[in-house]
Amino acid sequence: MHLAYPAVLAVLLFCTGLYGVLARRNAVLVLLSVELMLNAVNLNLVAFDVWLRDTLHTGQALTLFTIAIAAAEIGIGLAIVLLVYRNRGSSDIDRLRDLAERADAGDGDPQPDTTSEAAA
């Protein structure tokens, strides 16, 4: 097996994922692009494991760990994106620079009415 074929495919996948991370403003598409980049790394790990004829299959073992980490990352990432979308109404990354709650949200305790106390 030639090493160049999977390596070129991995480079194309990684570059596509990198473009998606840098150019997209939607948080879900950014998470999808990160998954593309992780899949490119997995492809490289398996290709080099086969090319080096490793008897321990270290590349394949590392690929399993990478897949587990990617699954955990996408689960937690999607949960965060859904909560942010529910609270803010948008998953646009440019609008999410400030994660502090807005004062006009009305979720906190009401402010005490000082005018009625002063009149009494």
Side-chain angles (χ1 to χ4, degrees):
M1 178 175 108
H2 294 288
L3 185 61
Y5 298 133
V8 168
L9 180 62
V11 166
L12 290 174
L13 276 175
F14 194 85
C15 288
T16 303
L18 186 64
Y19 173 74
V21 167
L22 295 176
R24 299 292 180 188
R25 296 296 105 203
N26 189 350
V28 176
L29 292 177
V30 169
L31 287 174
L32 186 86
S33 299
V34 169
E35 292 295 322
L36 272 176
M37 293 167 61
L38 287 172
N39 284 331
V41 170
N42 288 339
L43 182 62
N44 266 337
L45 284 171
V46 171
F48 276 99
D49 182 51
V50 169
W51 184 64
L52 294 173
R53 295 188 180 121
D54 188 16
T55 56
L56 295 176
H57 299 293
T58 310
Q60 294 178 17
L62 286 174
T63 299
L64 289 176
F65 285 117
T66 308
I67 290 171
I69 289 171
E73 176 257 336
I74 198 69
I76 293 172
L78 279 177
I80 291 171
V81 168
L82 286 174
L83 285 174
V84 167
Y85 181 77
R86 186 180 295 166
N87 289 334
R88 298 287 175 112
S90 173
S91 63
D92 189 13
I93 294 177
D94 289 336
R95 293 185 182 177
L96 300 178
R97 301 270 185 209
D98 183 27
L99 292 179
E101 290 188 28
R102 294 178 294 214
D104 60 354
D107 293 335
D109 293 329
Q111 297 293 329
D113 188 17
T114 57
T115 57
S116 63
E117 292 174 2

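Below, each value reflects all heavy atoms present in this structure, side chains not excepted, and no hydrogens, waters or symmetry copies.
- Remark: Y19 engages A23 in a side-chain contact (heavy atoms from CB on, under 4.5 Å) (not counting sequence neighbours).
- Atom-to-atom distance recorded for L32:CG and N26:CG is 10.0 Å, nearest 0.5 angstrom.
- Linking ILVMFWY residues whenever their side-chain heavy atoms come closer than 4.5 Å, directly or via other members, places M37 and L22 in the same cluster.
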Could you list the donor-acceptor pairs under 3.5 angstrom formed between side-chain atoms of residues 58-78 and any protein atom two or more places apart in sequence or on another chain?
| unit_1 | atom_1 | unit_2 | atom_2 | d |
| --- | --- | --- | --- | --- |
| T58 | OG1 | D54 | OD2 | 2.8 |
| Q60 | NE2 | D49 | OD2 | 3.2 |
| T63 | OG1 | G59 | O | 2.7 |
| T66 | OG1 | L62 | O | 2.8 |

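- The CG atom of L3 sits 8.0 Å away from atom CG of L52, with the distance rounded to the nearest 0.5 Å.
- Among all heavy-atom pairs drawn from A40 and F14, the shortest one is CB-N, 3.7 Å.
- When the side-chain contact (heavy atoms from CB on, under 4.5 Å) test is applied to S90, the partners found at least two apart in sequence or on another chain are D92, R95.
- Hydrophobic cluster membership for L83: none, as no Ile, Leu, Val, Met, Phe, Trp or Tyr side chain comes under 4.5 Å of it.
- Contact detail for V81 and V28: the closest heavy-atom pair is CG1-CG2, 3.9 Å.
- A side-chain contact (heavy atoms from CB on, under 4.5 Å) with L13 is found for one member of L18, L36, L38 and no other, namely L36.
- Residue I93 holds its CD1 atom at 5.5 Å from CZ of R25, rounded to the nearest 0.5 Å.
- Transitive grouping of hydrophobic side chains (ILVMFWY, heavy atoms separated by less than 4.5 Å) keeps L31 and V21 in distinct clusters.
- Looking at residues two or more places apart in sequence or on another chain, you find a side-chain contact (heavy atoms from CB on, under 4.5 Å) between L9 and L43.
- Considering all non-hydrogen atoms of both residues, V30 and G20 come closest at CG2-O, 4.3 Å.
- Taking a 4.5 Å side-chain heavy-atom cut-off between Ile, Leu, Val, Met, Phe, Trp and Tyr, the cluster of L12 extends to V8.
- Contact record, G17 with S33: O-CB, 3.3 Å, taken as the closest heavy-atom pair.
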